[in-house]
Amino acid sequence: QVQLVESGGGLVQPGGSLRLSCAASGSIFSINAMGWYRQAPGKERELVATIRTDDSTNYADSVKGRFTISRDNANNTVYLQMNSLKPEDTAVYYCYLNSLTYRIPRYNRNDWGRGTQVTVSS
């Protein structure tokens with residue numbers, strides 16, 4: 001019912017930059033929040049950044065000052081600008097959506113995309 005399509009991942013050298021995009025579509029009445037999670041090999045999935053409808057944001061301490069999350073509400077798209085990338089940022093990045101379902105009875109639900117690989121290596 002809900003589709004999240006990520007793009008922008010790839011291989012980058014330490015200190016480089018990448019910009020991730022995620023477009024949401026499907027049976028969505030309204031979006032409460034969007035964001036990004038990541039999971040490195042052998043580690044648990046962790047929150048990277050989120051942005052709410054009022055444009056308030058939340059960042060993991062490890063990415064503060066380096067990553068910037070933004071939204072294009074008209075296109076249900078969220079972006080993650082990643083600067084000063086470190087090898088520790090290497091992970092699969094998953095787009096996150098918290099939304100109110102279109103069909104009645106409406107309820108809030110969480111969804112994740114299929115993920116895009118980000119590799120930071122020299």
Side-chain angles (χ1 to χ4, degrees):
Q1 294 181 346
V2 176
Q3 296 83 43
L4 297 173
V5 181
E6 303 115 325
S7 63
L11 174 64
V12 65
Q13 293 184 339
S17 298
L18 285 174
R19 186 180 186 232
L20 305 183
S21 300
C22 175
S25 62
S27 186
I28 302 169
F29 182 77
S30 61
I31 293 175
N32 301 315
M34 296 188 74
W36 296 89
Y37 285 72
R38 68 185 181 186
Q39 186 168 24
K43 297 184 178 180
E44 298 180 358
R45 184 171 61 181
E46 64 175 350
L47 174 69
V48 178
T50 57
I51 184 168
R52 298 181 179 180
T53 55
D54 62 356
D55 279 340
S56 62
T57 57
N58 184 47
Y59 294 93
D61 187 65
S62 60
V63 306
K64 287 181 179 178
R66 300 188 298 119
F67 291 10
T68 302
I69 189 169
S70 60
R71 293 178 63 190
D72 180 353
N73 293 335
N75 295 296
N76 292 339
T77 302
V78 64
Y79 305 94
L80 185 67
Q81 179 66 46
M82 304 184 294
N83 298 325
S84 301
L85 283 163
K86 305 175 181 179
E88 306 92 88
D89 297 317
T90 296
V92 177
Y93 284 69
Y94 297 92
C95 181
Y96 162 78
L97 170 71
N98 181 263
S99 65
L100 186 66
T101 61
Y102 181 80
R103 287 176 288 187
I104 298 173
R106 295 192 173 98
Y107 64 97
N108 294 319
R109 60 175 288 168
N110 296 323
D111 291 276
W112 283 265
R114 299 183 68 178
T116 183
Q117 177 70 49
V118 172
T119 302
V120 185
S121 176
S122 60

Test your reading of the model: is there a side-chain donor-acceptor pair from [X] to the backbone of [Y], 3.5 Å cut-off?
{"X": "Thr116", "Y": "Ser7", "result": "no"}
{"X": "Arg71", "Y": "Arg52", "result": "yes"}
{"X": "Thr119", "Y": "Thr90", "result": "no"}
{"X": "Ser99", "Y": "Leu97", "result": "no"}
{"X": "Arg106", "Y": "Leu100", "result": "no"}

Note, [X] side chain near [Y] side chain (heavy atom, < 4.5 Å):
{"X": "Val118", "Y": "Leu20", "result": "yes"}
{"X": "Arg114", "Y": "Val5", "result": "no"}
{"X": "Tyr102", "Y": "Ile28", "result": "no"}
{"X": "Met82", "Y": "Asp89", "result": "no"}

Write down the atom of [X], the atom of [Y], and the distance for their closest heavy-atom approach.
{"X": "Ser17", "Y": "Val12", "value": "N-CG2, 3.8 Å"}
{"X": "Ser21", "Y": "Tyr79", "value": "OG-CD2, 3.2 Å"}
{"X": "Phe29", "Y": "Thr101", "value": "CB-O, 3.3 Å"}
{"X": "Leu4", "Y": "Ala24", "value": "CD2-CB, 3.5 Å"}
{"X": "Ala49", "Y": "Leu80", "value": "CB-CD1, 4.3 Å"}

Say you draw a straight line from [atom1] of [X] to [atom2] of [Y]; how long is it, rounded to the nearest 0.5 Å?
{"X": "Gln3", "Y": "Asp111", "atom1": "CD", "atom2": "CG", "value": "9.0 Å"}
{"X": "Leu85", "Y": "Ser121", "atom1": "CG", "atom2": "OG", "value": "12.0 Å"}
{"X": "Ser30", "Y": "Asn76", "atom1": "OG", "atom2": "CG", "value": "10.0 Å"}

task: Give me the ring orientation class for Tyr96 and Trp112: parallel if the planes are under 30° apart, tilted from 30 to 60°, perpendicular past 60°.
output: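 Tyr96 vs Trp112 ring planes: tilted.
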Tell me whether [Y] is reachable from [X] by hopping between hydrophobic residues (I, L, V, M, F, W, Y) whose side-chain heavy atoms are closer than 4.5 Å.
{"X": "Phe67", "Y": "Tyr37", "value": "no"}
{"X": "Leu18", "Y": "Leu11", "value": "no"}
{"X": "Val92", "Y": "Trp36", "value": "no"}

query: Of the options Gln117, Gln39, Arg38, which is the one that meets Tyr93 in a side chain to side chain donor-acceptor pair (under 3.5 Å)?
result: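 Passing option: Arg38.
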query: Which of these passes side chain to side chain contact (heavy atoms under 4.5 Å, CB included) with Tyr59: Val48, Thr68, Thr50, Ile51?
result: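 For Tyr59, the side chain to side chain contact (heavy atoms under 4.5 Å, CB included) check succeeds only for Thr68.
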Pairs involving residues 80-122, ordered by first then second residue, that meet disulfide (SG to SG under 2.5 Å) (sequence neighbours left out): Cys22-Cys95
